[in-house]
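First the structure, in the form of structure tokens, and then the observations on it.
Residue numbers begin at 1 in each chain, while the letters A, B, ... track the order of the sequences.
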Amino acid sequence: MNTELEHVLEENFGFTHFREGQKEIILSVMKGRNVLAILPTGAGKTLCYHFPAKLLDGITIVVSPLLSLMEDQVHQMRASGEKAVVQLNGLLSFTEKEQVLSELHHRSIVFVSPEMLANDYLLKKLRHWKVGLFVVDEAHCISQWGHEFRTDYLRLSDARAALGEPPCLALTATATAEVEKDILGCLAMENAVVHRFSVNRPQIKYFIEECASEEEKQSRFREYITQVASPAIVYTGTRNDAVQLSNEIRETGISSTAYYHGGLAKEERLLIQRQFLHDELRVICATTAFGMGINKPDIRTVVHMHLPSSIEQYVQEVGRAGRDGKESAALLLYTKADRYRPLSFIEQEFLTEKELSALFRVLKGSGGTVAIKDIPAMLQLDETVWRMVMYYLEKAAAVKAGRIAAERLNEELLATLHEHFTKRRRQKQSLFLQLERLFTENSCIRSGILAYFGENQHTSPAFCCSACGFRFTDMPGFDPHPRPADESGKSNEITWQEELQHMLLPHKRGR
DNA sequence: CGGTAGAGTACTAGTACTCTACCGGTGCACTAGT
């Protein structure tokens, strides 16, 4: 069987051997087991479903969190010669979706968003096919986003059931024991095999520096930024900070810099990503919107100018550095005041008991007569918060035929929701406090991270982290003689619209 | 917490100031038709 697998690997993918972890995972999937695979970034997760998809009977559904990631994956698979791969998402018109559905092949790989799988019509259409494998890529999103931000992640087990309960493969780079339990539960993965590999990335060196004030933080950043090894990502807490820092970097003479956040136009985001991938940008200043699916092997530095929401989030973000295995730095600068922002995000995500009971009162009064889609505007309620409330109301059968069933909105349900939100709020606060503790208690960052993921045995690399006595300025890539001007010599005079036009219409390109 | 938009107040009658309340981060898919 094993030599046979290698034969298939060489025949179909051109590789002579599997990378660490791939073979075990593929073997479990081929046996029809439910599999959760926790593999570090850059370990070759795609092969773990691409390989079985070629051999298993039936189509393979791959749930992917971002449209850009989906497009990228489809593009890469097609470029590697895989023809039977398609995507189903909101970028397609109704007719295009119909066409995709009518042209499926019995071994097709279909990329979808979790939101698409919440669509009954689409599910009905997909049920005409035998589904051989149900894959959830970046499965930590279930835990990170599913409960509040993108509740359709929580509906994936319903979709899987509707598709005849095919074996499920969940893939992620980071999962604590708790997240593992959450993923297995949310996807209803009975008797799953868990393949867990170490999250340790010896090539990444951690540097945490507390600053007495915001001014000190900014000045230290200015001191460092011209000297850090690039390409580099600078994570900021707000969109505004991303813009401002990018401008400041430009003032230091590095013109190949840009900012990136969720408020930018899709085309602009796409262009900046491509420029960064093609080494046209040395430094990207970005919010958490940037990074998932960024497959750039040589990112040398990741700077955090704010405190992420959890250790998991931090590990995901710094994990984008050093995929080529070469030494890379993760630098985080913070002040004591930085804790209030992540904590306030958590606060505003959930309704308080008072707000919840006010909402119930209004819904009881008018809910039965008002269409659900009009309620958030009517109550001036945040769309995301409303969607989360709706998810839990639906679960409690308080929604019938697009209307709120007022009679279900009793004290008991109110108490249940309140209890649930309180629990989730506490969980999120606790995740943040664990991150804060990791950075402030001055013990080895790497050991702290590994212990957080349940790994207690590891050997620290000789050059480990700031708590082990190393300074950021000791990094081999750190240049003690800053370059006054941008060595790339590229001018940023071309606007992104022009650049995009050039990319899409290469024949018009004058170079 | 820190920044800022917007309201309120003061004499300069439109500009300058103070005060207060609020916001800050991640993404998908949304009309018809089956």
Just checking [X]: base, sugar-phosphate only, or nothing, at a heavy-atom cut-off of under 4.0 Å?
X: A/Met292; value: nothing
X: A/Pro114; value: nothing
X: A/Leu343; value: nothing
X: A/Asp152; value: nothing

Nucleotide nearest [X] (side chain, heavy atoms from C-beta), chosen from [options]:
X: A/Thr288; options: B/dC28, B/dG27, B/dG25; result: B/dG25
X: A/Arg387; options: B/dG27, B/dC30, B/dG25; result: B/dG27
X: A/Ala337; options: B/dG27, B/dG33, B/dC1; result: B/dC1
X: A/Gln348; options: B/dC30, B/dG27, B/dG24; result: B/dG24
X: A/Ala289; options: B/dG27, B/dG33, B/dG24; result: B/dG27
X: A/Tyr340; options: B/dC1, B/dC28, B/dG27; result: B/dC1
X: A/Arg150; options: B/dT26, B/dG27, B/dC30; result: B/dG27
X: A/Thr238; options: B/dC30, B/dG27, B/dG24; result: B/dG24
X: A/Arg341; options: B/dG24, B/dG27, B/dC30; result: B/dG24
X: A/Ser344; options: B/dG25, B/dG27, B/dG24; result: B/dG24

Between [N] and [M], how many Å separate the two [atom1] atoms, rounded to a whole number?
N: B/dT12; M: B/dA16; atom1: C1'; result: 9 Å
N: B/dA13; M: B/dT9; atom1: C1'; result: 13 Å
N: B/dC30; M: B/dA7; atom1: P; result: 38 Å

_Under the criterion of centre distance below 5.5 Å and interplanar angle below 30°, is A/Phe149 classified as stacked on the base of B/dT26?_
yes

Item to check | Centroid under 5.5 Å and tilt under 30°, A/Phe94 to B/dA32 | outcome: no

Are the side chains of A/Ser64 and A/Asn89 in touch, meaning some heavy atoms are under 4.5 Å apart? no

Only one of A/Glu214, A/Arg222, A/Arg220, A/Glu216 passes side-chain hydrogen bond (donor to acceptor under 3.5 Å, both in side chains) with A/Gln218, and that residue is A/Glu214

How close or far is atom [atom2] of [N] from atom [atom1] of [X], stated in whole angstroms?
X: A/Asn240; N: B/dA5; atom1: CG; atom2: C1'; result: 13 Å
X: A/Trp145; N: B/dA29; atom1: CH2; atom2: C1'; result: 15 Å
X: A/Lys217; N: B/dG2; atom1: NZ; atom2: P; result: 11 Å
X: A/His304; N: B/dT26; atom1: NE2; atom2: P; result: 13 Å
X: A/Leu245; N: B/dG25; atom1: CG; atom2: C1'; result: 16 Å
X: A/Glu383; N: B/dC28; atom1: CD; atom2: C1'; result: 12 Å
X: A/Phe432; N: B/dG25; atom1: CZ; atom2: C1'; result: 13 Å
X: A/Asn119; N: B/dT31; atom1: CG; atom2: P; result: 9 Å

Per the O4'-C1'-N9-C4 / O4'-C1'-N1-C2 angle with a 90° window around 0, B/dC30 comes out syn

Determine which nucleotide pairs with [N], using a 3.5 Å limit on both distances of a Watson-Crick or G-U wobble pair.
N: B/dG24; value: B/dC1
N: B/dG33; value: none
N: B/dA16; value: B/dT9

The reported gap from CG in A/Leu281 to CD in A/Gln275 (rounded to nearest 0.5 angstrom) is 4.5 Å

Worksheet entry | Short side-chain N/O contact from A/Arg239 to OP1 or OP2 of B/dT26, under 4.0 Å | yes

OP1, OP2 of B/dC1 versus side-chain N and O of A/Thr335: anything below 4.0 Å? no

Ranking A/Arg269 and A/Glu214 by the position along DNA chain B of their nearest nucleotide, the one closer to 5' is A/Glu214

Between A/Leu88 and A/Glu98, the residue closer to the 5' end of DNA chain B by nearest nucleotide is A/Leu88

Using the ring of each side chain (for Trp, its six-membered ring), is A/Phe350 parallel, tilted or perpendicular to A/Phe421, with breaks at 30° and 60°?
tilted

Once you measure the plane-to-plane angle for A/Tyr314 and A/His304, does it fall in the parallel (<30°), tilted (30-60°) or perpendicular (>60°) bin? tilted

message = I'd like to know if the side chain of A/Arg446 and the backbone of A/Tyr206 have a donor-acceptor N/O pair within less than 3.5 Å.
response = no

Would the distance check show the side chain of A/His418 and the main-chain N or O of A/Leu414 forming a donor-acceptor pair, the cut-off being under 3.5 Å? no

For A/Met189 and A/Leu36 the tightest heavy-atom approach is CE-N, 3.9 Å

